[in-house]
Amino acid sequence: MYFAVISIFPEMFATIREFGITGRAVTQEQVTIECINPRDYTTDNYRRIDERPYGGGPGMVMMAEPLSKAIEDARLRAKEYGCRVDSEHCPVIYMSPQGQTLSESSVVGMTYYDGMILLCGRYEGIDERLLSQYVDMEVSLGDYVLTGGELPAMVLMDSVIRRLPDIMGDDKSAEQDSFVDGLLDCPHYTKPHEFAGMAVPEVLLSGHHANIAKWRFAQQVSRTQTRRPDLWQAFTPTVEQAKWLEALAKADKK
Ligand SMILES: CN1CCN(c2ccccc2CNc2ccc(C(N)=O)cn2)CC1
């Protein structure tokens with residue numbers, strides 16, 4: 001999958017390009033992350049990408065011109081990479097507090113794109129004429145304000161990359177399978193067997209895989225019910241999960 005990020009701080013993206021599962025995806029060329037700096041598309045000696053806002057007010061606004069050239073170039077590169085560069089297959093996504101809140105389901109939807117062009121705002125934001133001309137989708141991490149769109153862009157890329165087919169591969173973690181989507185995760189334990197006077201739940205040492213899976217699912221259910229009743233309300237069990245829930249309900253009655 002192809003990602004282009006338009007940002008005046010390209011060095012920030014080493015965070016996902018050089019570490020962990022996302023770094024491995026780049027090394028193995030399953031993912032390409034290209035950083036495009038709008039400063040490279042300025043024509044003045046000061047490489048201006050921001051100006052004072054019309055109408056006055058504090059701060060600066062990012063100018064449309066350099067960003068439009070950067071986006072056009074990103075589209076060219078996406079095409080070279082093999083993307084169909086229309087908004088259905090390679091959208092321009094603007095990370096902003098005004099966007100649609102990112103969720104695991106929208107992340108999964110994004111894994112079907114050929115690529116994405118991510119626009120990272122700084123200063124007070126970006127000239128509205130650039131946004132109306134180029135942006136296909138605005139995405140927000142949640143209702144809080146950051147100093148720039150780079151961290152949200154990295155969060156978005158991380159969440160999409162980990163859901164691409166054959167990225168998690170053999171270390172595919174349980175949360176990949178359908179049981180967890182929509183439920184909180186179960187507790188995890190590892191060596192040593194004793195820590196701070198606490199042992200490990202016996203079932204996890206039993207080697208009885210069906211019982212272990214049941215225990216983990218029960219933990220997910222109870223944790224979701226207690227910590228996130230809103231998620232529990234919205235949870236629609238699969239046929240398999242409904243059977244397990246019935247078995248749990250019966251067990252509770254005994
Ligand atoms: C001081 N100003 C800095 C720039 N900012 C701004 C304005 C418009 C677009 C992007 C930004 C970058 N900031 C973001 C980005 C995303 C999120 C999120 N919730 O996903 C939170 N913040 C407005 C505030």
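Read the numbers this way: they start at 1 and go in the same order the structure lists the ligands and their atoms.
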Checklist entry - How about H209: does its NE2 atom have over 12 heavy atoms from other parts shown lying under 6.0 Å from it? => result no
Can you pull every nitrogen or oxygen pair between ligand 1 and the protein closer than 3.5 angstrom?
unit_1: ligand 1; atom_1: 2 (N); unit_2: Y123; atom_2: O; d: 3.3
unit_1: ligand 1; atom_1: 13 (N); unit_2: L146; atom_2: O; d: 3.0
unit_1: ligand 1; atom_1: 19 (N); unit_2: S140; atom_2: OG; d: 3.3
unit_1: ligand 1; atom_1: 19 (N); unit_2: G142; atom_2: O; d: 2.9
unit_1: ligand 1; atom_1: 19 (N); unit_2: Y144; atom_2: O; d: 3.0
unit_1: ligand 1; atom_1: 20 (O); unit_2: L141; atom_2: N; d: 2.8
unit_1: ligand 1; atom_1: 22 (N); unit_2: L146; atom_2: N; d: 2.8

Checklist entry - Going through the checks in order, is the side-chain contact (heavy atoms from CB on, under 4.5 Å) test met by I8 and N37? => result CA-CA 5 Å; I8 59 172; N37 189 337; 4.0 Å; yes
Next on the checklist: Would you say that more than 12 heavy atoms from the other residues, nucleotides or ligands in this model lie under 6.0 Å from the CZ of R39, or not?
Outcome noted: yes
Item to check | All ring pair (Phe, Tyr, Trp, His ring centres under 6.0 Å) counterparts of F13, not counting sequence neighbours | outcome: none
Checklist outcome for this item: Joining Ile, Leu, Val, Met, Phe, Trp and Tyr whenever any side-chain heavy atoms lie under 4.5 Å apart, the cluster holding V203 also takes in Y189, V200, L204, L205, I212, W215
Item to check | With sequence neighbours excluded, residues passing ring pair (Phe, Tyr, Trp, His ring centres under 6.0 Å) with Y2 | outcome: Y81
